[in-house]
Amino acid sequence: MGTVNAQTTNRLSQVSVKGNKFMTANGEVIIFRGLDASDPDKLSKDGHWNKEYFETAKSWGANIIRFPVHPVSWRNHGKDEYIKLLDKGVQWATEVGLYVIIDWHSIGNLHSEMYQNPMYETTTKETFEFWRTMAQHFKDNTTVACFELFNEPTVQGGQLGVCNWQEWKQLNEEMITIIRANGGKAIPLVAGFNWAYDLTPVAKEPIDARNIAYVSHPYPMKRDKPWAAKWTADWGFVAKNYPVILTEIGFAGAEERGAHVPVISDESYGEAITNYCNEAGISYTVWCFDPQWAPTLIKDWNFTLTRQGKYFKDALQKAGK
Amino acid sequence: MGTVNAQTTNRLSQVSVKGNKFMTANGEVIIFRGLDASDPDKLSKDGHWNKEYFETAKSWGANIIRFPVHPVSWRNHGKDEYIKLLDKGVQWATEVGLYVIIDWHSIGNLHSEMYQNPMYETTTKETFEFWRTMAQHFKDNTTVACFELFNEPTVQGGQLGVCNWQEWKQLNEEMITIIRANGGKAIPLVAGFNWAYDLTPVAKEPIDARNIAYVSHPYPMKRDKPWAAKWTADWGFVAKNYPVILTEIGFAGAEERGAHVPVISDESYGEAITNYCNEAGISYTVWCFDPQWAPTLIKDWNFTLTRQGKYFKDALQKAGK
Amino acid sequence: MGTVNAQTTNRLSQVSVKGNKFMTANGEVIIFRGLDASDPDKLSKDGHWNKEYFETAKSWGANIIRFPVHPVSWRNHGKDEYIKLLDKGVQWATEVGLYVIIDWHSIGNLHSEMYQNPMYETTTKETFEFWRTMAQHFKDNTTVACFELFNEPTVQGGQLGVCNWQEWKQLNEEMITIIRANGGKAIPLVAGFNWAYDLTPVAKEPIDARNIAYVSHPYPMKRDKPWAAKWTADWGFVAKNYPVILTEIGFAGAEERGAHVPVISDESYGEAITNYCNEAGISYTVWCFDPQWAPTLIKDWNFTLTRQGKYFKDALQKAGK
Ligand SMILES: [Mg+2]
Ligand SMILES: [Mg+2]
Ligand SMILES: [Mg+2]
Ligand SMILES: [Mg+2]
Ligand SMILES: [Mg+2]
């Protein structure tokens, strides 16, 4: 298939924020539940950036899919080539009826421009330009429901220098200004420190912008069981006032390939987090719909389910009814 | 002609600021009225970076000419080669008796380092280094009367991120510090936001430096007619306390080649702006003394006049008497 | 000799700060007195980055040697190759019993990223990454006693832009945070403005970190004779509360090769500075243990002494007894 112009086929209803909910243009509340793709560039090289991938996600009961754009892939492809990849994905998502999150997939300290490893290297300038480009390109596209501004902010205990909440807040507010001034209507998703786990500063100093949502990545080992009260204190409380979406959740059994801190757990985590989200109306996407990026949902490209694959496919299908 | 050392031939009287006036070393008030060249690099490639160009400008009645140095040209040539171009122009200007403004011709947000298009890309570091270089190179040259620090500051309604007046003020003050510490005696010209139109913040928070002047670019469509009261409120009031120079004015008839927002107008604009300047002792240079960069003053390299060419040549000649 | 792993042979006692003193792990106060090497890269190209170099330094009575890592050398070699040079030097230092200072040898304004000349060009990002790398690499190495964060901070009277103490303090504190979070146990050395001469701001606004020391470079011409009271006011007073180390002192007779401002003086300077240090328990290293980098301690690679070579070798040997 040739290049797809994402601007031309808009079949999904525009999503916006109403109070602490995501809402479609027809006034229906929508709770996002879906899957985290691996980088479109990676999927493309593997030969799986195709409609089947999106059809399968849809068949699991997902209503949204997240594309993690790694800065290094963005630079290596060049903006024009990478946008072609995104356009294809957005087109397939539109055709099967999945919303899309575009996620600037860096990990580290954007303020000091130090990162967890070279794959995540970027600059404030490049990040701002990425959002200028995305805003202009997907301006009138309603499939692209959310722009996740920066995947996982962290100073890594100081290894990546210093960034305080005011500085982080200001960087996010500038990205939001850029997106909106350039016509972007997707909902900006804002994450907090500790690898996007911690939203406690939102209580006193929320981002100064409307029509946004907050993100947490509450992998199982971020906190000891029982989780619920801690989750509420750390990020769940935000859902009282704003839409919240957990753009990365997931677990791997200790015996599974790719098991690593902080994701090692079992089905009890799956139950805890999905119950927590269902009760509070919180959205989520599960990491990762790729057989190589752990914790994986699938063992191979026949989409053979892993432990969490079984759990979350079932959860999505129940929720999708 | 070979390389000219701009340091050696100084025939024009050193200009400085006295109250709200430009003044020569002999104590005469000077109001600058002149022309905006296109980029010396562009003129050189076209075969018109030559003494005839300066002689013609002088014959129109100009007493100053402005060189817009585009960051991309500066980088592509390399500092040493670009300085040779400048030196030639400054030498011809000196020979015919024209003062020179060196203008760092970027458009955008220097604070966030986002620009209107790639031609204007620069960095704070590159901008500071440019002024360090200019200050050292033209230290003892009196022809180079003004250093225009940054052509057109704008956040483009947020498309280029965020910059407040305090941040912009601080950037200008640091440039002025660099220029003076490196021996530069040219008068720094400071512009405001909205593509160098708006000087309202100067009322309460002027730049903290002496011997400077302010810039506005009041193209006709920045405001609806009648203009005078609006101009006074937006930038003209500054002329009570500081020298003001409009380093870009000009118009194109709607029917003329290159007519575009915000320059479309007619001779009534020419009359309004020149009368306004004459009454308030405000200096100006007219964009653009090149047949390709609109609004153009000339139609071709025979210096055939456009509509504004006729108007402004006449105005310059009257004023020059 | 092949690549040396600096992590494996630790024979020198870990140094830390106790009150205003450097102290070894066995609780002995240590006053550092030693030599400033030239850049390991330069010495390596000259064929003198070898054990003899360290044995000679030791034979003079030194207990420490400082490696000035020039940013341009760091970049040109690449991190991996440059680290091999450092590892060799640290190994030889360990073998002969010399502590090591690793010095990020830039001169200029890290805040505005403007430098005295191209050799000293770096960025905040590169500087932070340098310390991340050093901290991780020399984590368990006790020979590397000190990390000198930035050789000579200066705005050169505004030629390099603007930096106030609060900005400089914050940059140092962020470097210290990075070093410690990455496991670095070497003592951070902090310098003040005026080419690392002036520590007066420390009186009211010391760096907010423990286990650090302060640096001054009181070359003879920084102040007129008599020096002592001025030195106390400018930097010596700091030694009441913190360890102080003069990581560059030295003089050249006016007749000697390489004599330049601010180093021209004679043996009276040597006497004054060594007496001053001895009385106040201040550490020092002498610039430069290389026959080409002035003021030189040696005339040639036979280690023939210059005037200051004679003076300081004698002073080190007396102090070493
Ligand atoms: Mg920065
Ligand atoms: Mg993650
Ligand atoms: Mg313009
Ligand atoms: Mg900066
Ligand atoms: Mg020095």
Taking every heavy atom of C:Gln159 against every heavy atom of B:Arg132, the minimum-distance pair comes out as O-CD, 3.9 Å
Decide if atom CD of B:Gln170 counts as having more than 12 heavy atoms of other residues, nucleotides or ligands within a radius under 6.0 Å.
no
Correct closest heavy-atom pair for C:Gly157 and B:Ala181 would be O-CB, 3.2 Å
*So with a 6.0 Å cut-off around CG of C:Asn117, is the heavy-atom count from everything else above 12?*
yes
Rounded to the nearest 0.5 angstrom, the CG-CG distance for B:Asn182 and C:Leu160 is 7.5 Å
Exercise for review: Using a 4.5 Å cut-off on heavy atoms from C-beta on, say whether the side chain of C:Val162 contacts that of B:Glu173.
Suggested key: no
Checking B:Lys125, B:Glu174, B:Glu129 against C:Ser112 for side-chain hydrogen bond (donor to acceptor under 3.5 Å, both in side chains), the one that qualifies is B:Glu174
Are more than 12 heavy atoms, taken from residues, nucleotides or ligands other than C:Gln156, located less than 6.0 Å from that residue's CD atom? yes
